[in-house]
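When a ligand or atom number is given, it counts from 1 through the structure's own listing order.
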Amino acid sequence: MTFAKITGTGSYLPGKPVSNAELIAMHGLDSSDEWIIARTGIRFRHLAPANTTASDLALEAARRALGAAGRQPNDLDMIIVATSTPDYIFPSTAALLQAKLGVSNGSPAFDLQAVCSGFAYALSVAEKFIRSGSNRCVLVVGAEVFSRILDWKDRGTCILFGDGAGAIMLEASDTPGILATALHADGSHHKMLAVPGQICGGQPTGDPFLRMDGQAVFKFAVKVLAEVAEEVLAAGGMTAGQIDWLIPHQANIRILQSTAKKLGLPIEKCVVAVDRHGNTSAASIPLALDESVRAGTIKRGDTLLLEGVGGGFTWGAALVKY
Ligand code: UT7
């Protein structure tokens with residue numbers, strides 16, 4: 001039987017960390033470092049320069065993941081980029097990344113749009129291609145420049161997000177890597193978190209900024225993250241006590257704490273990067289994973305539970321033997 005295994009990770013954050021105080025001063029926000037830390041746990045985020053795109057961030061993360069796996073760009077037989085902030089309406093950010101990497105073997109490349117669940121979705125899709133036997137070496141990337149879609153006058157949202165990219169190499173293996181996945185969506189909640197704009201007749205129409213009902217998102221996220229974690233554990237025949245590391249989408253430290261608590265896990269088993277990255281949407285899980293791998297915190301053989309939730313609404317999880 002063919003399994004899918006993570007063989008390398010990489011990530012990239014643009015520029016220097018921007019502190020809460022710097023962000024407040026930069027945009028004249030009616031906020032404070034104390035409020036942001038107390039309500040979100042966020043201390044820093046990275047913001048991409050104006051001419052830097054999602055594919056630029058993806059390229060750096062991808063090169064590092066390829067290097068960690070000991071692979072060359074033309075070894076790739078598929079690229080999936082999870083993003084809600086693509087370079088263009090089309091072509092896909094994955095196609096642009098393929099060109100930037102110099103992949104010339106004609107293998108498929110496509111974007112996947114599930115907002116902050118994008119990486120969980122992309123990982124699950126890649127795993128299915130590998131398990132079916134049609135692909136053997138897939139690059140899965142989460143890359144975002146959320147700073148492009150933030151309303152800097154809306155203090156309830158603009159302090160939350162950051163830019164960055166994370167990537168993994170997922171390869172065919174004789175031994176299990178991805179043990180189980182679960183994906184969900186409920187589009188009836190599409191208004192709770194959205195960028196409800198579009199381009200029409202050469203002009204942006206509707207609202208081009210991220211809009212969110214923060215409290216409703218919070219409650220929904222805590223509920224479904226606990227549910228999908230239990231679901232994927234049951235599918236993999238495991239209990240929460242067998243998890244070495246929980247890597248939830250990095251949105252708010254209070255969501256991470258509530259999720260760990262609901263699963264009966266000590267917060268020490270939860271990877272926390274939101275304090276340094278803010279919410280990087282589809283990039284948040286692979287960024288947190290790569291930093292932990294490179295720090296030596298996550299080791300080969302560890303059992304990981306990755307899970308995301310985001311606009312749509314979408315949510316999903318993966319149980320992984322690293
Ligand atoms: O990937 C998923 C994406 N989104 C999320 O995960 C977000 C989930 N939601 C949250 O993280 C939280 O709801 C927030 C951090 C967005 C807000 O925290 P909260 O504890 O739910 O605050 P709140 O919305 O109830 O607002 C409390 C007060 C309000 O003032 P009043 O009406 O009580 O006078 C807000 O206007 O805090 C005010 N407020 C702020 N004050 C200082 C909102 N944003 C700020 C701010 N600085 N940046």
Under 4.0 angstrom from [atom], is there any protein heavy atom?
atom                    : result
atom 32 (O) of ligand 1 : no
atom 25 (O) of ligand 1 : yes
atom 5 (C) of ligand 1  : yes
atom 14 (C) of ligand 1 : no
atom 11 (O) of ligand 1 : yes

Task: Of the listed options Ser31, Ser32, Gly214, closest to atom 46 (C) of ligand 1 (non-hydrogen atoms) - done: Ser31
Open item on the list: Applying the side-chain hydrogen bond (donor to acceptor under 3.5 Å, both in side chains) criterion to Asn20, which one of Arg45, Arg43, Glu34 satisfies it?
Closed with: Arg45
Which of the atoms in ligand 1, numbered in the order shown and given with their element, are less than 4.0 Å from a heavy-atom of [X]?
X      : answer
Ile159 : 48 (N)
Gln215 : 13 (O), 21 (O), 23 (P), 25 (O)
Arg39  : 20 (O)
Cys116 : 1 (O)
Ile255 : 6 (O)
Asn252 : 10 (C), 11 (O), 15 (C)
Thr40  : 15 (C)
Ala251 : 6 (O)

Open item on the list: Tell me whether Arg155 has any N or O atom under 3.5 angstrom from an N or O of ligand 1.
Closed with: yes
- [ ] Ignoring hydrogens and angles, state whether a donor on the side chain of Glu227 or His184 is under 3.5 Å from an acceptor on the partner side chain.
- [x] no
Open item on the list: Please evaluate residues Asp56 and Lys100 with respect to the criterion salt bridge (charged side-chain N to carboxylate O under 4.0 Å, His left out), reporting the C-alpha separation (whole Å), side-chain torsions for both, the decisive distance (0.1 Å), and the verdict.
Closed with: CA-CA 8 Å; Asp56 294 327; Lys100 286 182 181 181; 2.6 Å; yes
Carboxylate-amine/guanidinium contact [X] [Y], below 4.0 Å:
X      : Y      : result
Glu230 : Lys262 : no
Lys321 : Asp302 : no
Lys299 : Asp244 : no
Asp151 : Arg211 : yes

TODO: Using a 4.0 Å heavy-atom cut-off, say whether Thr157 meets ligand 1 through its side chain, its backbone, both or neither.
DONE: neither
TODO: Tell me which part of Asn279 gets within contact of ligand 1: side chain, backbone, both or neither, using heavy atoms under 4.0 Å.
DONE: side chain
TODO: Among Ile298, Leu289, Leu287, find the one that has a side-chain contact (heavy atoms from CB on, under 4.5 Å) with Thr9.
DONE: Leu289
Open item on the list: Suppose we measure from atom 39 (N) of ligand 1 to each protein heavy atom; which comes out shortest, and what is that distance?
Closed with: Trp35 CZ2, 3.4 Å
Task: For atom 19 (P) of ligand 1, the protein heavy atom that lies nearest, with its residue and separation - done: Arg254 NH2, 3.9 Å
- [ ] Would you name the heavy atoms of Asn252 and Val274 that are closest together and state the gap between them?
- [x] N-CG2, 4.0 Å
Open item on the list: Minimum heavy-atom separation for Leu193 and Phe313, please, with both atom names.
Closed with: CB-CE1, 3.9 Å
- [ ] Run the numbers on Arg155 and Asp30 for salt bridge (charged side-chain N to carboxylate O under 4.0 Å, His left out), then give the verdict.
- [x] CA-CA 7 Å; Arg155 67 178 182 170; Asp30 178 13; 3.5 Å; yes
Open item on the list: So is Gly156 touching ligand 1 or not, going by heavy atoms under 4.0 Å?
Closed with: yes
Open item on the list: Run the ring-ring contact (aromatic ring centres under 6.0 Å, His included) test on His189 and Phe220 for me, step by step, so that the C-alpha distance in whole Å, both residues' side-chain angles and the decisive distance to 0.1 Å come before the verdict.
Closed with: CA-CA 10 Å; His189 298 297; Phe220 193 89; 4.8 Å; yes
